[in-house]
Amino acid sequence: MDFLNRWSKKLGRKFEKGRTLYPFRALYDAIDTFLLTPATVTEGGSHIRDAVDMKRIMITVMIALFPPLLFGLWNIGYQHFLSQGIESTLFQCFWYGFLKWLPMVLVVYVVGLTIEIIFAQKRKHEVAEGFFVTGFIIPMIMPPELPLWILAIATAFSVLFAKEVFGGTGYNFLNPALVARAFVFFAYPSVISGDTVWIAEQADAVSGATALGLLMNGSVDSLPSIAEMCIGTIPGSIGETSKIAIALGACILLFTQVGSWRIMLSVIVGGLAMGSLFNVLGITPAMSIPAYEQLLMGGFLFGAVYMATDPVTATHTQSGKFIYGFLIGALAIVIRVLNKGYPEGMMLSILLMNIFAPLIDYAVIQQNIRRRKRRAARSLSTQNLKQ
Amino acid sequence: MELANIFVRSIFIDNMIFAYFLGMCSYLAVSKNVKTAFGLGVAVCFVLIITMPVNYLINKYLLQSGALKWISADWVNVDLSFLTLIIFIAVIAAIVQLLEMVIERFSVSLYQALGIFLPLIAVNCAILGGSLFMQEKNFPDVTHSFVYALGSGIGWMLAIVAFAAIRDRLKYSDIPKPLQGNGIAYIITGLMGIGFMAFLGI
């Protein structure tokens with residue numbers, strides 16, 4: 001370890017200002033701080049001492065993403081072999097999924113990190129770790145059969161316009177992974193939904209539509225069973241299918257307090273409340289699906305656990321988080337049930353609430369100020385009475 | 001049900017700012033803080049819900065082709081629709097004048113905060129645009145036009161208030177020099193438009 005440290009420092013001198021490798025300083029910096037603890041200390045009057053910095057938080061999120069990822073990789077292979085009618089082993093399924101996933105992840109990281117490093121170099125700031133998580137999530141919410149060039153364009157768009165123009169990690173107001181997905185959704189609508197994208201080269205006999213796709217077509221009877229949706233042996237994007245794996249990830253996030261329990265809880269409550277309301281109305285077949293089943297379909301739970309809890313784009317106030325989460329859950333179900341065009345409401349409802357998060361914060365803070373002013377006025381008047 | 005449909009559509013889908021880019025000048029200029037933005041939003045909303053039903057009645061009983069037949073049967077062929085634009089503008093200008101006096105009377109601070117933009121509501125394209133869309137849509141009665149006006153107004157207000165809150169948060173962000181100001185404002189508006197597309201198709 002000591003050897004590595006000394007070697008890295010020696011190498012680092014080549015990247016100092018005026019030396020030949022200076023243009024690649026940001027790249028060196030990113031790798032160096034990723035592997036080793038940076039030597040820089042906080043300047044100025046900040047006195048918080050904590051081992052947790054942004055890199056550790058981001059790595060926790062990535063660890064929490066692993067259960068759905070591993071299951072999702074297996075599931076891609078499983079769905080593929082199922083539709084072909086071929087017997088397969090666990091490892092075969094996994095390997096097939098891994099080979100589908102690897103190019104996506106490579107494309108996302110190469111495109112995203114190139115842009116990040118160029119910006120970091122030009123604007124003289126560090127390469128932030130935010131993109132590690134974003135780049136990890138993007139392949140998990142895209143259909144496995146998405147053409148790679150579309151993936152590259154979407155990633156470039158989201159890194160540039162949702163993040164870097166605002167100054168990079170921590171300053172964006174929309175979740176970059178969601179912007180990437182929404183971009184594909186609106187720019188290439190024929191690619192992201194339909195029967196063919198979720199399973200590669202499928203046979204005619206097996207329907208490859210997702211549960212939400214079926215719902216949209218009005219074929220409620222052929223929905224997968226609850227057990228299947230919980231375990232996740234259904235078509236869908238890599239991250240979203242297995243609810244058990246997502247619950248495992250949620251436990252990690254909650255235990256380490258990286259994800260906000262307020263948001264997760266209120267998203268689920270919001271979804272249940274809206275789902276029950278539609279159950280009572282029950283006009284269309286889509287409305288009469290039990291509320292708890294709505295939660296298990298599509299990316300609802302994945303969005304609730306990994307995307308709504310994004311600390312940058314969510315509301316910053318504690319009570320604002322309840323409002324924010326509740327509206328996400330409720331809106332997701334509304335879009336899903338009422339909007340024939342967009343079966344996946346979760347992504348769009350989180351995006352929409354990202355837009356309103358600053359406004360919710362503002363309202364909560366103003367409310368606080370008013371309450372405290374009233375309290376101050378009251379205590380002042382009682383003091384006056386005593387005197 | 002139909003009224004609810006018109007209401008939701010006009011807030012989210014046919015949003016004046018994100019779908020038609022109407023009223024952009026005050027949207028960009030008065031969104032520096034949430035309070036003023038809210039004030040302007042309320043003012044626009046108020047002007048819309050007064051002018052649109054009035055314009056609806058004027059259009060239906062005076063301007064439309066054959067609208068004058070309630071006076072006498074001989075006037076069935078009279079078509080005054082070429083006057084639409086100028087009459088709508090006159091009605092809007094008069095009502096804005098009225099509103100200005102009311103706000104000055106009841107809230108001087110809001111009056112000062114809105115400043116020049118209050119009289120400028122008269123030429124806010126969202127207001128005239130609303131009336132013209134209303135004319136195009138051929139609503140069956142005045143309630144529909146009222147609901148449409150309310151929805152458009154609330155949609156415009158939501159957009160400007162949310163935009164102001166976002167700009168407020170971005171005060172501390174590290175936006176590249178060339179993009180500061182209006183540049184980033186247009187990018188934010190575009191990204192907000194993506195979010196609002198969620199309701200397309202309801």
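Hydrogens, waters and symmetry mates play no part in the numbers below; they use all other heavy atoms, side chains included. In what follows, every chain begins at residue 1, and chains take the letters A, B, ... in the order their sequences are listed.
Between the CG atom in A/Leu359 and the CZ atom in B/Phe163 there is a gap of 13.5 Å [rounded to 0.5 Å].
Heavy atoms of A/Leu331 lying under 4.5 Å from chain B belong exclusively to its side chain. Interface remark: B/Ile166 contributes backbone and side-chain atoms alike to the contact with chain A (heavy atom separation under 4.5 Å). Of the atoms belonging to A/Phe173, it is side-chain heavy atoms, and not backbone ones, that fall under 4.5 Å from chain B. Looking at B/Tyr172, only its backbone comes within 4.5 Å of chain A, counting heavy atoms on both sides. Contact of A/Asn354 with chain B is not made at all, since no heavy-atom distance falls under 4.5 Å. Only the side chain of B/Leu179 comes within contact range of chain A, with heavy atoms under 4.5 Å apart. For A/Gln366, no part lies under 4.5 angstrom from a heavy atom of chain B.
When all heavy atoms are compared, the tightest approach of B/Ile187 to A/Phe161 is CG2-O, 3.9 Å. Nearest heavy-atom pair across B/Pro176 and A/Val165 is CD-O, 3.1 Å. Smallest separation of non-hydrogen atoms from B/Gly195 and A/Ile355: CA-CD1, 3.8 Å. Of all heavy-atom pairs between A/Tyr362 and B/Lys35, the closest is OH-N, 3.9 Å.
Side-chain atoms of B/Arg169 do not come within 3.5 Å of backbone N or O of A/Tyr171 as any donor-acceptor pair.
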TODO: Please step through side-chain contact (heavy atoms from CB on, under 4.5 Å) for the pair A/Phe166 and B/Ile188, ending with a clear verdict.
DONE: CA-CA 10 Å; A/Phe166 299 109; B/Ile188 297 170; 3.7 Å; yes

Open item on the list: Run B/Leu158 and A/Phe356 through side-chain contact (heavy atoms from CB on, under 4.5 Å) and show every step you take.
Closed with: CA-CA 9 Å; B/Leu158 261 184; A/Phe356 287 110; 3.7 Å; yes

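Annotation for B/Phe133: atom CZ counts as buried by contact number, over 12 foreign heavy atoms lying within 6.0 Å. Enclosure of atom CZ in A/Phe157 by more than 12 non-hydrogen atoms of other residues, nucleotides or ligands within 6.0 angstrom is indicated. For B/Ile86, the CD1 atom is loosely surrounded, since the number of other residues' heavy atoms within 6.0 Å does not exceed 12. By the 6.0 Å contact criterion, NZ on B/Lys137 is enclosed, its count of non-hydrogen atoms from other residues, nucleotides or ligands being greater than 12.
Chain B forms the most heavy-atom pairs under 4.5 Å with one residue out of A/Leu352, A/Leu351, A/Leu178, A/Ile350, and that residue is A/Leu352. In terms of heavy-atom pairs under 4.5 Å with chain B, the best-connected choice from A/Met347, A/His316, A/Met353 is A/His316.
For the pair B/Asp174/A/Arg123, a side-chain contact is recorded, criterion being any heavy-atom separation below 4.5 Å from C-beta on.
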